[in-house]
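A, B, ... follow the sequence lines: proteins, then strands. Residue 1 opens every chain. These numbers were taken from a predicted model, which means no experiment stands behind them.
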Protein chains: 2
Amino acid sequence: MSDEDAVDRGPGRTRAAVDAWEAVFRLQATLLRRLAADDVWEDLGVREYDVLHTLSRRPGGRARLGTLSEEVYLPQPSLSRLVDRLERHGLLAREPDPGDRRGVLVALTDEGAARQRRIGGRHAASIARHLGEMEAGELADLTRLARAALDRATASATDQAP
Amino acid sequence: MSDEDAVDRGPGRTRAAVDAWEAVFRLQATLLRRLAADDVWEDLGVREYDVLHTLSRRPGGRARLGTLSEEVYLPQPSLSRLVDRLERHGLLAREPDPGDRRGVLVALTDEGAARQRRIGGRHAASIARHLGEMEAGELADLTRLARAALDRATASATDQAP
DNA sequence: CGCAAGTCCATGCGTTTGCATGTACCTGGC
DNA sequence: GCCAGGTACATGCAAACGCATGGACTTGCG
């Protein structure tokens with residue numbers, strides 16, 4: 001995904017960062033394609049499932065639309081329409097937020113929760129099929145390092161002149 | 001991104017795989033958003049740049065459209081239109097493939113190559129800014145493990161009954 | 001209280017996406 | 001050489017995306 005040399009702390013430093021990004025990018029891209037291709041999604045897409053999944057791990061199976069928007073990495077207007085669709089399919093419902101009348105709570109219906117569990121089980125198996133070949137230690141290390149990188153990136157998000 | 005327990009070789013095995021996928025997915029998603037938000041892209045998008053970049057590392061700065069399509073993880077019709085746009089901007093050109101008259105070679109123009117270098121340099125710096133906080137060892141391990149995972153995933157793509 | 005500024009979600013609109021299909025070309029068997 | 005089947009790219013069309021904006025509500029300050 002990238003090129004060239006740059007500043008910061010050393011020349012190979014940039015190269016190492018770029019290599020890491022490229023490797024992670026490639027891994028995610030091909031894995032996502034494979035997972036999406038696996039026939040586990042019934043009639044909805046990966047993004048739709050991600051919303052159901054995220055809601056399912058929330059107390060009460062509901063969350064504010066804005067919150068959800070950040071958690072599933074989807075811009076708010078896109079999520080709003082996606083919720084429209086899932087609502088039409090009866091998998092979730094909008095409710096007014098009692099504490100803030102501007103807000104909207106998105107809630108999993110029973111059918112939505114059931115659907116999430118069915119798909120979730122198959123999806124997990126699918127992931128295991130694709131990554132299961134890795135040794136347990138490698139898998140754990142990959143998880144740890146990816147989380148570490150995410151932490152660093154999140155931390156360093158504090159720049160830009162105000 | 002996922003849930004539940006499943007089969008394969010053990011119970012925690014699936015959990016470990018799911019955790020790894022989730023960590024990698026999150027890392028890529030937030031990093032991609034950050035990188036896309038960094039003001040280095042002039043007037044084109046990440047996907048457009050990816051095409052220029054991929055072409056730039058090819059002998060002659062050209063490749064078959066189909067080949068390119070796989071390398072940038074973009075379905076062929078989508079790439080075809082994306083090439084339309086870049087062609088309109090004068091950054092690349094279509095040429096007939098001399099060896100196969102069905103084929104189309106996509107070639108970087110001089111302007112396209114120059115643009116790629118400019119953006120590439122800034123983009124690399126941007127990556128270094130976001131990941132540079134990591135220790136060199138961690139960065140190298142992350143790269144190694146992501147590549148290993150990709151290899152395993154690619155290898156195990158040989159199933160499904162014929 | 002009253003109002004200016006800010007937050008939250010929905011919608012208009014132009015662009016991009018991707019599936020399904022069409023057209024041109026290549027290849028192998030006869 | 002010819003034709004059936006396969007491959008490569010383009011295009012029609014419906015869906016989805018995302019930015020910019022609009023309308024509803026909240027908050028904080030005078």
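For A:D43 and A:R115, the salt-bridge test passes: some basic side-chain N is under 4.0 Å from an acidic carboxylate O.
On the nucleic acid side, DNA chain D contacts chain B at distances under 4.0 Å to non-hydrogen atoms, with the end points of that region at D:dG6 to D:dC13.
The number of heavy-atom neighbours closer than 6.0 Å to CD of B:E70, taken from other residues, nucleotides and ligands shown, is 12 or below.
Among the atoms of the strands shown, none is found under 4.0 Å from any heavy atom of B:D84. Using a 4.0 Å heavy-atom cutoff across all strands shown, B:D97 reaches no nucleic acid atom at all. At a threshold of 4.0 angstrom between heavy atoms, the contacts of A:P77 include nucleobase atoms, whether or not backbone atoms are also involved. Residue-level contact check: A:R81 touches the bases, meaning some heavy atom is under 4.0 Å from a base atom.
For the OP1/OP2 pair of C:dT17 and a distance below 4.0 Å, the side-chain nitrogens and oxygens of B:S78 include no atom meeting the criterion. Taking side-chain N and O atoms only, B:R102 has no distance below 4.0 Å to OP1 or OP2 of C:dG22. A sub-4.0 Å separation between OP1 or OP2 of C:dC9 and a side-chain N or O of A:S80 is absent.
With hydrogens and angles disregarded, a donor-acceptor distance shorter than 3.5 Å links the side chain of A:W41 to the backbone of A:L35. Checked by atom type and distance alone, the side chain of A:S80 never pairs as donor or acceptor with a backbone atom of A:Q76 at under 3.5 Å.
Separation of atoms CG (B:L92) and CD (B:E48) is listed at 10.0 Å; rounding is to 0.5 Å.
Residue A:R64 places its side chain closer to C:dC8 than to any other of C:dA10, C:dC8, C:dT11.
No side-chain donor from either of B:H123 and B:D38 sits under 3.5 Å from a side-chain acceptor of the other.
One interatomic measurement links the two molecules: CG of B:L44 to P of C:dT15, which rounds to 16 Å at whole-angstrom precision. One can place CG of A:L68 at 13 Å from C1' of C:dC9, the figure rounded to the nearest angstrom. For the pair A:L82 CG and C:dT11 C1', the computed distance is 16 Å after rounding to whole Å. Between the CG atom of B:D43 and the P atom of C:dT16 there is a distance of 12 Å, rounded to whole Å.
Here the closest heavy-atom approach between residue A:A149 and residue B:L131 is recorded as CB-CD2, 4.1 Å.
Judged by closest nucleotide on DNA chain C, B:R85 is the one of B:Q76 and B:R85 placed further toward the 5' end. Between A:R101 and A:P75, the residue anchored closer to the 5' end of DNA chain D is A:P75, taking for each the nucleotide with the nearest heavy atom.
For B:R47 against C:dG18, no side-chain N or O and base N or O form a donor-acceptor pair under 3.5 Å.
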